Amino acid sequence: MADPSIPASADEQRKRQALSETIDELDELLSKREAASRHAPPTEIEIPVLDDRLADFDPALFSALPGRTPSAEPAPLDDKIKHILSQELQLVIDGLRASVATQIHEALRSGGMPSAPSERANDIPMPSDSDQTANDQQPEPRIDAPAESPAVATPDGTLAKTYDPSGIEQKWYRFWEEQGYFAPDASRDTSYAIMLPPPNVTGSLHMGHGFQHTLMDALIRYHRMSGAAALWQCGTDHAGIATQMVVERNLAVTGVGRLDLGRERFLAEVWKWKEQSGGRITQQLRRMGSSMDWSRERFTLDAGLSRAVTEVFVLLYKEGLIYRGQRLVNWDPVLHTALSDLEVVAEEEQGKLWHIRYPLATGGGYVVVATTRPETMLGDTAVAVHPDDERYRHLVGQCIRLPLTDRLIPIIADDYVDPAFGSGCVKITPAHDFNDYEVGKRHDLPLINIFTIDASLNEQAPEPYRGLDRYEARRRIVADLAANDLLARVDDHKLQVPRGDRSQAVVEPLLTDQWFVKAKPLAEPAIAAVEQGRVRFVPDNWSKTYYEWMRNIEDWCISRQLWWGHRIPAWYDDRGNVYVGRDEAEVRRQHGLPAELALRQDEDVLDTWFSSALWPFSTLGWPEQTPELARYYPTDVLVTAFDIIFFWVARMIMLGLKVMGDVPFREVYIHGLVRDADGNKMSKSKGNILDPLDLVDGIELDALVDKRTTGLMRPEDAPRIAQATRKQFPQGIPGHGTDALRFTFASLATQGRDVRFDLGRIEGYRNFCNKLWNAARFVLLMTEPHAADSRAGDSALGLPERWIRGRMQQTIAAVRDGLDHYRFDLAVQAIYEFVWDEFCDWYLELAKVDLNDPERDPLLQRGTRRTLADTLETALRLLHPFMPFITEELWQRIAPIAGRDGASIMTQPYPQPIRARQDAAAQATFAWLKEAVLGLRRIRAEMNIEPRKRLPVLYHGGDERECKWLAAQQRYLCALARIESLAAIEPGAAPEAATALAGGMTFLIPLANVIDPAAERLRLDKEIDCLSKERERIGGKLARPEFISKAPAPVVAKERQRLAEVEQALNQLSGQRERLGRL
RNA sequence: GGGCGCGUAGCUCAGCGGGAGAGCACUGCCUUCACACGGCAGGGGUCGCUGGUUCGAUCCCAGCCGCGCCCACCA
C-alpha cells in the first residue's frame, strides 16, 4: 500500500479519484450485467480486463486503490516517463468509460437489457385466437435469442408505425458477424474478391471511408448473394509518418522528444497508442454495415506481412531493382526524413526574386544572377549561361569571385539556361537544387552541402552564418550583399514552394544516402498491363492519368529516417560493406562472415507505401502458397479515389506483376472525393467536417460545434467555424440511420465527378426507408393473417399482379446492370422508383381494391396476397446490398410468407431477371389504365372537386382493344378515380362535361354543378394549345422531304404515329371544347 | 507550360443524336382504414456562349467564357 503519511499531490489525488470512480462504474456495470443476465442470458457486455492494463502503469498509483495490493515493489521511474504514463492512464480511464457506456447504451437500445421486463410483459395484450399464426409462438420480443433474429415489433406483433433505424442496425450486424456470414463460403464455384484500402490504424472514419465502403460493401453483398465465394479482405495500415507524428506530438506535450526515449521505448509508446486507438476505426466500419471478413483482418506490421516486405525487398535487391546511393532527395527538416516525390506538394506562394551581382574574378565588372533563395549562394559552384547567348559567350571559362566567400567558381555554358529569363545568368547550386544537381553532374562540378538536417547552415558555410536557420541566414546574407552594393534589384515573384504533405515544412533538397527502387523496369510491364486491358480503369479516362505518370516515373526513394515501420533488412560492417538478407544470421551465413565481425542493421524504415504496395498478396499469405492466394489473386476490383492512383494503385500493379507475375486486380473503380455542400474539400481546419456516424445517429448542435472547434491547428478560427456551423445546422443533425446514408452515397456515386454532400438527399432517402417500412407494414397486415393460405394452393393473377411482376423483372435487370457497371446511382434510382412510384403508389392501391372486395374470386385474392409478399420479398433482396439493415429486418418477417427459408437475407440468392415474366401485354394495358386515372384525377384536382366525392363518368370512342381493357379493368378505374358510375354514350350525345383522354377513348365528367364550365374551357384551351404546338412541330418535321428520305424508317414511323395520336387527341378535345361554347 | 473534368429547373444531380428528367425546395387541395418521414395535383428550364457537322444537336466537333482538379525544374 502507498504510505498514507506521504501527502499526495493534487494531481495524483485527482487521478486516484478518477480511478476509483471508474472502478465504481465498473462495479455498477457488473451488477447490471448480472441482473440482465437473469432475464436475457446471451447478452454479452465485455468488461475490459482492468488489472492487466493498469499493471503497466505506475505501481505506486495502482497500489493506492482500495483493495488492491502491489504485485511488486514500485520501480524507480524517470520523471518524464512517469508523466507520460499518468497521462496515458487518464486516456485509458476515458477509453474504458466510453467503451463501457457505449456497450450499455447499445445493449439497452437493442433490447438486450430490459430495464424492467416484468412491467413490459403486463402491457402485452393477448392476441385473439383467430389471429394466431406461426409467428405467435413467440409473442414476446425475442430478446433472449438473437440468433433467432426477431424483427422489431410492437407488442401486438405489428411493425411500429415509423421506421427507427437505431433499434435494429447494431443488432443485425452482431448477428451476421456471429453467424460468420462475412467469411467467404469456400464451397462456392466462383469467387469474387476486393481488397479494402487499409485505413490508418489509429485514424477514424470520415466521409470518404463511408462513401467508399458503401460501394465496396454493395459489390461484395451483391456477388456474395449471386453465389460467389466473396472475400472482402480487410485490415489496417501502420501509416508510418502520420502515426509517428501523432505519438511524437502527444509526447511533446510532456516535454519529451523521441530521441530522449530512444528507439525501443519510443516504439513501445507507438504500439501502446496503436492498441488504444486502433480499434476505433474497425468499430466504425462495423457501424457502416461493412461485411468484411474480420477473421482475416491484417495489419501491415503483422509478422506475416512484415515477412512479405522483407522477402520482396531481398528479391528486388538481388535483381538490382533496389539500390542504395547518395543522391539529392526531398528532405523534411522538421521530421528529419527523406520523402518521395509524391509526398511533396508544391503550392504557389508570394516570394521575391533577388538579383545579385557576382563580380568577375578578373576584377572587371560582374554578372547579375537572379534567385528566389539567396542563402543557397553559399553553396554555388558555378554560374551558367546559355551556350548561344552572345552577351556572355566571351565570359564562359572565366571565373566569378563568389561574394561572402573566398571561392572562385567558373562560368559555364549549358542548355538548361533560358536566356530570356532574368539576366540570362543562373547560379548553380548542385547540392541544393534538383536542376542544378543535373547541371553539376554534366559539368563535373563539386557539391557543397551547406545545410544540416534541420536546414540550418553547417560548417561548410562561412563562419558568420554557421548555425543560423535558413531564413535567418537569408536575411543576413541579403543584408550583407546590400551593404556591399551587390544587390542589384529585388522583385516580387510568385513561386512554387515545396512542402512535406504531413509536416507542411518547406522541403529542402539534400544530399543523403538513401534506398531507391528502380522504377522504369517495373513501370514498363505495368503500363503494358493497362494498355492490354488486363487492368481496366473505370471510368476509362483515368488510365490516361496513369500513363502520364508511369511514362515519366522517377526512381522511388523508399527509405525513411523514422522508427515506426518496417526496418530495412540491410546490415553494415565497419569497412562500409552492405549486406542485404532476410535476417542477420542469413547475411552472415551467405557471406561467410565471421562471428566476431560486428554488423549493425540499417537504422531506417521503409516508406509506408512499400508495404501497401504488397497488400493484395501479402494479406493472402504470400510468400506461402496458400489456398487463398491461389483462389483470390488477382482480385476483381479495387475501389478507390483518384488521389492515390500514384501512391498506391500504380505501385500495386508494378509490384504485383513483378512478384506474383500477374496484375493485382482486373478493374480499378475510381470514385470522386466527398466534398461539403459548397464543393469545398472537407477538412478539420476548414471546420466543415461531417462525421458519417453523426449522420447515422444524429448529433446535437452544441456537440457538433464542439467537435468542429476542438483541436484546431489555428484556434483563432473557432468562432468563425462555430458561427458557420450554427447557421448551417441550426437544429443540429437528426439521425438518419446507416441505410439512408448508404443509399445516399450510392445515389451520389456518379461517374467522373466529385460528390457534394447535401443533407437534403439523405433526408429524402431516410423518408424512403420509412416508405419501405410502411409498405412492408401494409403487406404484412394483408398477408400475415392468411400466411398459410397465401403460401399454398392455386392462385390466379389479375392485371395488377401481372403488371407489377413484369415491372419487377425490368427493375431487377436495371439494378444488376447498374451494379455490373459501377453505376450505383442508376441502380439505386431504378429501385427507388420501383418501390415508391410503382409498388407503393400504384400496386398497393390496386391490391386494396381486390383485397377489400368480399366478392372477389378467392383464387385471385390469393394471387394478390402472394404477389404482395413475393414482390416485397424480391425487392428487399434487390435492395439489400445498399440497405442491409432494414432489408434484413423486414425480410425476416416477410420471407416465411413468401415461402422462402433461410436464416438471413444475406445468404439468399440475388434476384435474376426473367424475361418471360415482363408481360408486355400487361404493361400496355396498365399504361392505358394509368392514363385514364391520371386524366380523371387531374380534372378533380383542377376543378377543386372534393377528393372523396364519387362522380358519374361517361365515355365514348376507343378501339376494340381499349373497349376490352375497359370492360375487364373498370373496377380499378372506378376505385382509383373514385367513379360512381360508368356509362357508354354515342360520341354525338356527349353532354357539356370535363374531358379526359386515354388513348383513343374519351372520358367525360358531366358538369352537373360540380364542374365550372369556365374553368374547364380554360383547362381545355391550355391542353389544346399544348397539343397544337406539338402537332406543328411534328408536322413540320414530317413535311421535310430530307427527313423522310434520310432519317431511319423506325424514327419516321414513330413520328407519324405520334402525330396521329396528337391529332386524335386534338379532335376529341376540340369537339368537347365546342360543346362548352364560347367564353 | 502540359493534361483531365465540369457548366441542364432556386439547390444537388441524371440524361448525352430524334418527345427536356429525378430528389429536395416551391404552390394548391387532402389528417382517405401502410406511411404527414404521407397522398393527389401543379408551377418552374432560349440544357454557359458562338460557329460547324447532320434531315435533325442539350447530346458529336471547333473556338470562346466561367469553375475545379492533376502533373511539371524556369532560376
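Letters A, B, ... are given to chains in the order of the sequence lines, protein chains preceding strands, and every chain is numbered from 1. Note that the structure is predicted; figures quoted are calculated from it, not measured. Below, each value reflects all heavy atoms present in this structure, side chains not excepted, and no hydrogens, waters or symmetry copies.
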Is there a Watson-Crick or G-U wobble partner for [N] with both distances under 3.5 Å, and which nucleotide is it?
{"N": "B:rG66", "answer": "B:rC6"}
{"N": "B:rA22", "answer": "B:rU12"}
{"N": "B:rU27", "answer": "B:rA41"}

Ignoring backbone atoms, establish whether [X] has a side-chain N or O less than 4.0 Å from OP1 or OP2 of [N].
{"X": "A:K771", "N": "B:rG39", "result": "yes"}
{"X": "A:T162", "N": "B:rC37", "result": "no"}
{"X": "A:R1058", "N": "B:rG19", "result": "yes"}
{"X": "A:R373", "N": "B:rC74", "result": "no"}

Original post:
What class does the angle between the rings of A:Y822 and A:F824 fall in, given that below 30° is parallel, 30 to 60° is tilted and above 60° is perpendicular?
Top reply: tilted
**OP:** Quickly work out the A:L495 CG to B:rC73 P distance and round it to whole Å.
**Re:** 14 Å
**OP:** Considering only atom C1', compute the distance from B:rC70 to B:rU27 and round it to an integer number of Å.
**Re:** 46 Å
Original post:
Do A:D491 and A:H355 have side-chain N/O donor and acceptor atoms under 3.5 Å apart?
Top reply: yes
Original post:
Could A:K352 and A:D492 be called an ion pair, given the rule that one side-chain N must be under 4.0 Å from one carboxylate O?
Top reply: yes
**OP:** Considering non-hydrogen atoms only, spot the tightest contact between A:A740 and A:C769 and give its length.
**Re:** N-SG, 4.1 Å
Subject >> Contact nearer the 5' end of RNA chain B, comparing A:H493 with A:T545 >> reply: A:T545
Subject >> Base B:rA34 paired with A:K848 side chain (donor-acceptor, <3.5 Å) >> reply: yes
